[in-house]
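In what follows, a structure is listed as C-alpha cells, so that the remarks can point back to it.
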Amino acid sequence: GTSDDNDASSAPTEVKVGFFGALTGDAANLGQNIKKGAQLAIDQYNATNPKTKITLVDYDSQGNPDQAPGLAKKAIDDKAVIGIVGPAFSGESKAADPLFNEAGLVTISASATNPALSTNGWKTFFRVLGNDASQGPAAAKYISDVLTAKKVVVVDDASEYGKGLADIVKGDLGSTVVATDTIQQKQTDFGPTVTKIKSANADAVFFGGYYAEAGLLKKQMTDAGINAKFVVGDGVKDDGFITAAGAKAAEGTIMTCPCLPPDKAGGTFYTDYKKAFNADPATYGAEAYDAATIIISAVKAGKTSRADVVAFTKAYDQPGVTKQLKFDDKGEPTNVTVWAYKVEGGKIVPDQEVK
Amino acid sequence: MSYLIHNFAALTGTGLIKGAVYGLVALGYTLVYGVLRLINFAHSEVFMWGSFAAVWALAAIGAGPNPSPLEIALLLLVALVAATAVSGATALVVERVAYRRLIRLKAPPLTALISAIGMSFVLGEIMGLRDKITGWVGLDGTLHLYVSGARDNTRFANPLQSRILFNIGNYGVSNIDLLVLGCALVMMVALDQFIRRSRLGRGIRAVAQDSDAAALMGVNKQQVIRVTFLIGGVMAGAAALLYLMKFGVTRWNAGFLLGVKAFTAAVLGGIGNVRGALLGGFVLGLAENYGSAIVGSQWQDVVAFVLLIVILLFRPTGLLGESLGRARA
Amino acid sequence: MSDTQTTQPAATPPTAAGDVLLSLDDVTLRFGGVVALDGVSFDIRRGEILGLIGPNGAGKTTCFNAMTGVYQVTSGQVSFNGSSLAGLHKFAITKLGIARTFQNIRLFGNMTALENILVGADAQHSTGLFSSLFKLPKHRREETEGHDKARELLKFMGLSKRADELARNLPYGDQRRLEIARALATNPQLLCLDEPAAGFNPAEKRDLMDLIRRIRDQGYTVLLIEHDMRLVMGVTDRIVVLEFGRKIAEGLPAEIRDNPAVIAAYLGVDEEDAS
Amino acid sequence: MLLEVEGLCVNYGRIEAIRDISFGVPENSVVTLIGANGAGKTTTMKTVSGLHPVRAGKIVFDGEDITNMAAHKRVELGIGQAPEGRGVFPGMSVMENLEMGAYFRKDRKVTVPKDLERVFTLFPRLKERASQAAGTMSGGEQQMLAIGRALMGRPKLLLLDEPSMGLAPKLIAQIFAIIREIHGQGVTILLVEQNAAQALKTADHAYILETGEIVRDGSGSDLAADDSIRAAYLGGDV
Amino acid sequence: MTSPTATAGKSRSRNPLVTVADVIRRQPKPVRVLLGALFVVLLYLLPLLNPPLISPSQSDFGAVLFNVSTYVLVALGLNIVLGYAGLLDLGYVGFYAIGAYTVAVLGSLHAHVPLLLLLPLAALVATVSGVLLGAPTLRVRGDYLAIVTLGFGEIIRLTAVNLQWVGAAAGISNVPRPPSVEIFKLPHVSWNGFVATIDLDNTTTFIKFGVLDQIPYYWLALTVIFIILAGEKRLVQSRVGRAWEATREDEDAAELMGVPTFKFKLLAFSCGAFIGGLSGGLFATRQAFINPESFPLLLSILFLAAVVVGGAGNRWGVIVGAIIVSYLPEIFRPFADYRVLVFGILLIVLANFRPQGLLPPKRTVRARQVDEELEELEEGAAHV
Ligand SMILES: Nc1ncnc2c1ncn2[C@@H]1O[C@H](COP(=O)(O)OP(=O)(O)OP(=O)(O)O)[C@@H](O)[C@H]1O
Ligand SMILES: Nc1ncnc2c1ncn2[C@@H]1O[C@H](COP(=O)(O)OP(=O)(O)OP(=O)(O)O)[C@@H](O)[C@H]1O
Ligand SMILES: CC(C)C[C@H](N)C(=O)O
Ligand SMILES: [Mg+2]
Ligand SMILES: [Mg+2]
C-alpha cells in the first residue's frame, strides 16, 4: 500500500477509529476497560443516526511493544481508519507512534503516561491525561507526607512505563530510598526481591509496573511477614491486582493515577457506562471516552481525512467528562489531576486527590 | 557481598523452596528423557493443567472461611488428588497424541520434539481459550466460575494460611515452606527408590538403554513408556499444588518459564538421573537467589544460565552424570 | 606420500619386513581397577601383516584405541615413525597415517557409500570455507582427486555398484568392506582391522583373506585383530598374543600355533574344534 | 513340535527378506539355521521372538498362535533369545543385566540365586566383573553376558543368534559344550551360526537358508557329509 | 535426542513435493535454467501480483512476504547448524538478536553508521559471538548443547532487557533504513474474484524503503537469500559439507577418519550465526523499532520447527518449512484467537504424518522406498 491522502470533499458513509492496546495478555484488563470507554462514546454517537457512521476496530497489542509496529502498519494501511484511541501503554506507544507520525494518523492516548513520549516531536501524538512527571511526584509526596515513610524501597519491572515512573519517584524521594530492585515481567517468584525489602526493613514500597506482577509481589511480601505500605502507580489500578494478591494481602495498597474517580466524571458518563456494560467504569474508561469524543467531534465537523483530524485535534478546546480538553504544542493536556486510591474491603476506592 | 551474608538464611530458604518445585517438575523431563531420549516439551503444560485442577477442585467444593486443621488437611488432599490425577492424565494424553505414533515409527527425535511443541501449544491454548471454547458449546454461563478470565491470573484459595513458625537468621520459616520442602524431598526419595529397587523401575532403565533387548527380557515397552509419562505427570501435579501453595496463582502460561527452569535443572543435575533432578533444582534455585543478591535480581536468570554453561563445560553430562547409562565408544 | 599415486603409499616390497613403523613401548592402560593393558611392547614393521590375537577381554581393541588416540595411555609410549603419539588428536593421528575399522561397524549410515569414502579421502585434504565458497582451484583439484580415489577404491573392493546407496542399507558384508575402503581412503601407512571377519562364513572369510593380501601388496602395513585361526594363520606374517593385558607370545604363525601358553590361554586343546 | 513356522514372509519395506519359509523345531531338540550373510537368519529369529512384524504366514509356539503377539508376551510363554549384536544394557552392571534376564519370572526370588550360580560357573569372567558396566566389557565378554542373561529366564525355547561371533577359539568350543549341556537339561534350541561345522555337529536337524528361502534341510550329520554343503558353508580347506 | 537425524528414515509414499522436485530434476539443463529464471522473476513480482488465495486477506502482503523471507533466511542458517552438522541449537534467536541489536545500536542509539555497512557488520558481530560461544561449548554433546544454547539465547535477551546501554526493556527506535533510489513506480495488480486489473493508484516505488510499503524490504531479503543459497550450496557440496555430515552421523568415527570435528562444528556454528545475524539485521531495519521482546525463546522454537517440519538437512525442505511456519499463521488470521491452537494442531499433524519433514534430505530412491514401505507395514501390523 502507499499513498494515504484521502479525498475530503464528500463525507464518507463510514469511517473507522482504531483502538490500540492490550486486549489479551497479562495486562489485558487495563486495555479492555479503556476500550469500553471509547466504545461507549462511539455507540452513543452511532445511535444518533449520523451521516457518517464510525466503527471501532481493535488492534490488540497484548501490551507487547514488539507487536506494535506491525499493528500500527496494519492500521495505517486501512485507509478508512482516521484516528486511533491509544496506544494504551507507554512501551507500545514508543514503538508504534513513529509510524503513526510518519503516516499522519492521529493518536489520542487515554492512558500512556511516560513523560518522554511527548518529547519526540511527533505531530500526531496527543494524550488526555497527566503524565508520570506529575504522577511520580504525587506518589512520592503521598509516601513522604501522608505515609510519612522513612525507609522506602523502590521496585520496577524494567518496562518503559514502570521503570520511568519508578525512576521519577526515586528521584523525588531522594535519600529516604534505602534500596531499589528490578524484576522481570512474567516472573512469578519474587523471593530475592522480598528478601531485599525485608532486609531493608522498609516502611513503604513503591512499585512501578503492571498489576499481574504487582499482585504476586504483594502476596509474597505479605507471606514473608512484611508490613510495609505498598504504593503503586496506575498500571496496578485494576481488580486483577486484588485477584492476584488475594483480598487480604491487597488490603491497604495505595494506588496513584492521573485519572478522575469515574463517579466524579462530568455529564451522564457514569450512569451511561453502568447501563451499557452493567459494571462500574474502571481505570481510564472516562479518559478513553474523552479521547474518542475528540475524534467523533472531528467527524461531526466533517473532518474525515487524516490530516484534517490531526489539525482538528490540535485546535480542540472543549470540556470533556474528565477535564477541559485542550493540548499544548507537544500534545500534552493543559489540565491535569492525580488521585490516590486505596484497596479497602477488597475494592479499589478513591482516597484523595494529591495536589 | 555483605548483603548476601546478612540475608543468607532468607536467600537460602526461598532458593531451596523454589528449587524443590523446579526439581519436582524436572523429574518429568528427566524420566521421559531417560527412557526415550526425547525432550518432552509439553511437560510444562502438564504442570499447568494440574495447577488448574487443584484450583478448580477447591473452588468446586467451596471451602468455608475458617476451616479446622482436619478440614484443611482434607481440602489439601482433595487438591492433591485432583492435581495429580489431571496432570497424570494430561501426561498420558501427551504420550498418546504427540508421541506414540512417532515412537512406533522410530522417527527422528527432533520430530518428536516438534510434535511435543505442538502439543504444548494446544494444551496451553485450550486453557487460555477455555472461556471461548465453552462459549461455543454454550456452557460458559454454567462454568463461569471456572472459565472467566481465561488469560488472567487465577487465584488458588489456599485453605492453609501462611504462618511463620520460627526464624533462622532473618528468615521466617513458614508452615508452607516446610510443607513444600518436606513433600518434595519425600516424593523424590520415594521415586528414586522406586526406580532403583522396583521391578518396573528396572524395566524403565532397560527400555532406556535398549528397547529391543528389553522386549526380549519380557519388558512391555509400551507400558513402561506410559508409566514413565504417568509418573512424570503425577510428580508435576504434586509440584503444581506446592507451587500454588507458595505462589498463590496460576495462569494459562504459568508452565512455560517454570518448564524452562525445570528442564535446565534436569540437565544441570544430569538428565535421566532422578537424584540429579532434585540436586539440579536446588542448585539452580540457590544460584538464582545468591546471584541476584550479588549482581541484582534482574540478573538472576542470567546468573542461572551462566552457571549452567560453566557447569556443563566442566561436567559435560551434568553434576551427577547420566545414571541411565551410556554405551562404550 | 605422492598425491597422484593415491592407493600406493609405500613402494616397499611386500614380504620383506621394513623399518619399524609403529611401536608400543611398555604401554599400560587402566580403567579404574581394570588393567586393560599391562606393560605391552611390540613393533609393527613397514610392509608386514601383523596379527594381534588373544582371549576375549585381553586388550586387543584397547590396543587399537590407544594407538588411534581414543584413549590416552596411563604410562608407556606409542610412537609412529619414530615420534610419540601422546596427546595428539584422533584426527591428527589419522592424518599422520594410521587408519582403522571398528569391531562394531561404524559407518556414516545416512551417507552414501561413495560419500563415506570421500570423508576418508578428505583426511589429507585442506579445502576450507573460502576455497569451497569461491571454488578456488585447490578445491576443484581436491574434489576431482577425492572422487577418482573413491571410485578406484570402490572398484578395488567390488563395491562399484553400491556407490550411491546409503551405507546403512548395505548388506553386512558390504558394510565391512566399505569400512575398509573408507579407512584406505585416508591414505594410511598402517591399516588396523578389528575383527573384519566376524559374522562371515568360511567362503567369505576366504575372500577377505585375499583382500587383505592384496591390500598388503599395494604397500600398506596391516595390523589385524581376528579370532578365526585359519584366517590369522593363513594371512599374517607375524603374530602377537595378549592375555589379561599382557603380551604372552610373539612370533611366526607356526611358532604361535605350537606355543603351549597360547594353546592353554587361547586356542584350547582341541584345535580342530577351534576353527 | 514346540515351534512351528508356516509360510512365513517378512519384509523390510519393499525388500523381501524372508519368502515363504516353513520349518519346525521339535520339543527338546537342537535345530540350526545356516546361510550366508544376508540370507535372512537374523530376520527369522527376530520375527520368531516378535521384534519384527510378519507380512504373511503363521508362527505357532507350544500349540498357541503367536503370529501377532507382542514380543514381551512371547517371553512369558518361554521364548528366550540371545540376539545378534548382543544387546546388553550398556549402563547396567553385569549383575543387573543378568537379573534383567529373569525380569518376567514370577518366582524370581527362588530362581535368580540358583541361575546366577549356574551362569557364573559357565562364565567365570562374568563373576569377576559382576559390577562392571556392561557397555565397557569387551566384545566377547558381552557375548557371554548375552547368553548368560538368556539362560536366566529358563526359556523353553532358546534362540541363539551367532553365539560364537567374536569369541576366542577356546571359548567357541566351550560355547558349543554349553549348548549341548543346556540341551541336555531339556531346553529346546534354535541356533543360527556361521560356524557351520560346529553347528551341524551339534544340531539334530538343520535348514539351509539362501536369500530368504529354505533350500535344503536334513539331519545335521547328513548335511555335514554333503559335498555341496561342505563347499558352500564349511569352507573346506583354506 | 542424541543425533538429530535418526537412522530409521520414513516418509510417506508419493509425497507430492518430492515428486515435483524429482520431475524438475529430470529435465534437461536449459529447461531447468529457464524454469529457474522464470521462477525467480515470479518471486520478485509476487507482492505486486497479489495473487488471490495466496495473499492473506487480513494483512499486508508485502509485509508478510518480508516476514516469510526472514524466516527462510534464518531457516537456511539453522539448517547448517542442525540439518548438516547435527548441532541442536535452541538459542538461535540469540544470533538473530545480536544482528538486530548491532544494527540498532550502531545505527541509531550510539552512532549513525549507514545501513549498508551495518548489515555486513551485523553478520560479522554475530559470527564473532558464534565463535566465542562455540569455542568453549561445542565440546558439550547432543542435548546438553541444546540447553547450553538455550541458555545463551536467554542470556542475550535478558542482557538486552537489563542493559541500559542497549536501550534496556524500552528498546531502540529509529533504526536506520537502507538508502532509497526511487527510480520508477510499479503498479500493483488488484483482483476482483479471479479477474485481474492493473491498479495504477496503488504503486510501489523502485526502490524506496519507507515505513508504509514493505515490498522493497522483501526484495532486499530475497536477494540476500539467493546469495546465501548460492554460497551454502557450494559449501555443502565440498569437503566442509561432508565433514559436517560425518560429524552428525558419528562424531567419534568421523574424528577417527581424520575429520577435525571440533573445528568443523565451530565452522557450522559460525556460518549459522552469520546468517542469523544477517537476518536479524534485516529485521531491525524493516521494523525500525526493536526491543528485547522481539527475541523470545519461543522464536528459537519456531525457527526450529521451521527446519524440522520442512526436513532438516535439505535446503528446499527447510525453505518450505519456514514458509509454513511463518505464513500459515497469517492464513489462520481469520481464526483470530484460535490461531495458535490451530498452529499447534498443525505441528502435531505434520510431525506425525511427515516424520522426516515435508521434503526430507536427498536420499537415494531405493533408500526412500525401503523406508516408506516399512512404515506402511508397521502401521498395518497389529502390534500393541
Ligand atoms: N571403558 C572401559 N572401562 C572399564 N573397562 C574397560 C573399558 N574398556 C575396556 N575395558 C576392559 O578392558 C579389557 C580389555 O578390553 P578389550 O575391548 O580391549 O578386549 P579385546 O581384547 O578387544 O576382547 P574381544 O576379543 O572380546 O573384543 C576388558 O576386560 C574390558 O572389560
Ligand atoms: N533394517 C534393515 N533395513 C533394510 N534391510 C535390511 C534390514 N535388516 C536386514 N535387511 C536385509 O534383509 C536381508 C536379511 O538380513 P538378515 O540380517 O536377516 O541376514 P542374516 O542371515 O542374519 O545375515 P548375517 O549373517 O549377516 O547376520 C539382507 O538382505 C539385509 O540386507
Ligand atoms: C493503562 C496504563 C496503566 C498504562 C500505563 N500508564 C503506561 O504508560 O504504560
Ligand atoms: Mg575387541
Ligand atoms: Mg544375522
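Numbers restart at 1 for each chain; the letters A, B, ... are given by sequence-line order, proteins then strands. Keep in mind that the numbers below use all heavy atoms, side chains included, and drop hydrogens, waters and symmetry copies.
The interface of residues 169-185 of chain A with chain B, defined by heavy-atom distances below 4.5 Å, comprises A:Asp181, A:Thr182, A:Gln184. Residues of residues 42-51 of chain B having a heavy atom under 4.5 Å from any heavy atom of chain A: none.
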Counting only pairs under 3.5 Å, give me each side-chain donor-acceptor contact of residues 122-129 of chain B, with atom names and distances, residues two or more places apart or in other chains.
| unit_1 | atom_1 | unit_2 | atom_2 | d |
| --- | --- | --- | --- | --- |
| B:Glu125 | OE1 | B:Arg151 | NH2 | 2.9 |
| B:Glu125 | OE2 | B:Arg151 | NH1 | 3.4 |

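Between the side chain of B:Tyr3 and the backbone N or O of A:Lys196, at least one donor-acceptor pair lies under 3.5 Å.
Taking A:Gly191, A:Pro192, A:Gly215 one by one and counting their heavy-atom pairs under 4.5 Å with chain B, the maximum is reached by A:Pro192. For the options A:Thr222, A:Thr24, A:Val194, A:Thr188, heavy-atom pairs under 4.5 Å to chain B are most numerous at A:Thr188. By number of non-hydrogen pairs under 4.5 angstrom with chain B, the leading residue of A:Gly246, A:Ala158, A:Gly225 is A:Gly246.
The distance from the CG atom of B:Leu4 to the OG atom of A:Ser199 is 11.0 Å, given to the nearest 0.5 Å. Distance check, rounded to the nearest 0.5 Å: NZ of A:Lys219 to CG of B:Asn158 gives 6.5 Å. From B:Asn7, atom CG reaches atom NZ of A:Lys198 across 10.0 Å, with rounding to the nearest 0.5 Å. To the nearest 0.5 Å, the span separating NZ on B:Lys261 from CG on A:Asp189 amounts to 8.0 Å. For the atom pair CD (B:Gln161) and NZ (A:Lys248), the distance works out to 4.5 Å, reported to the nearest 0.5 Å. Annotation: the span from B:Ile164 atom CD1 to A:Asp223 atom CG amounts to 8.5 Å, rounded to 0.5 Å.
Listed by chain and number, the residues in a side chain to side chain donor-acceptor pair (under 3.5 Å) with A:Lys163 are A:Asp167 (sequence neighbours excluded).
Residue contact with chain A, scored on non-hydrogen atoms closer than 4.5 Å, is absent for B:Arg163. The part of A:Ala224 that comes within reach of chain B is its backbone (N, CA, C, O), which places non-hydrogen atoms under 4.5 angstrom from that chain. Heavy atoms of B:Ser292 lying under 4.5 Å from chain A belong exclusively to its side chain. For a residue to count as touching a neighbouring chain, one of its non-hydrogen atoms must lie under 4.5 Å from one of that chain's; by this rule A:Phe190 does not touch chain B. Heavy atoms closer than 4.5 Å to chain A are found in the side chain of B:Tyr243, but not in its backbone. For A:Ala245, the part sitting under 4.5 Å from any heavy atom of chain B is the backbone (N, CA, C, O) and nothing else.
Residues A:Lys186 and B:Asn253 approach most closely at CE-ND2, 4.4 Å, considering heavy atoms. Counting all heavy atoms, side chain and backbone alike, B:Val249 lies closest to A:Thr243 at CG1-O, 4.3 Å.
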Discussion item. Walk me through whether A:Gln220 and B:Lys246 qualify under side-chain contact (heavy atoms from CB on, under 4.5 Å).
Written reply: CA-CA 8 Å; A:Gln220 289 169 33; B:Lys246 184 66 192 165; over 6 Å; no
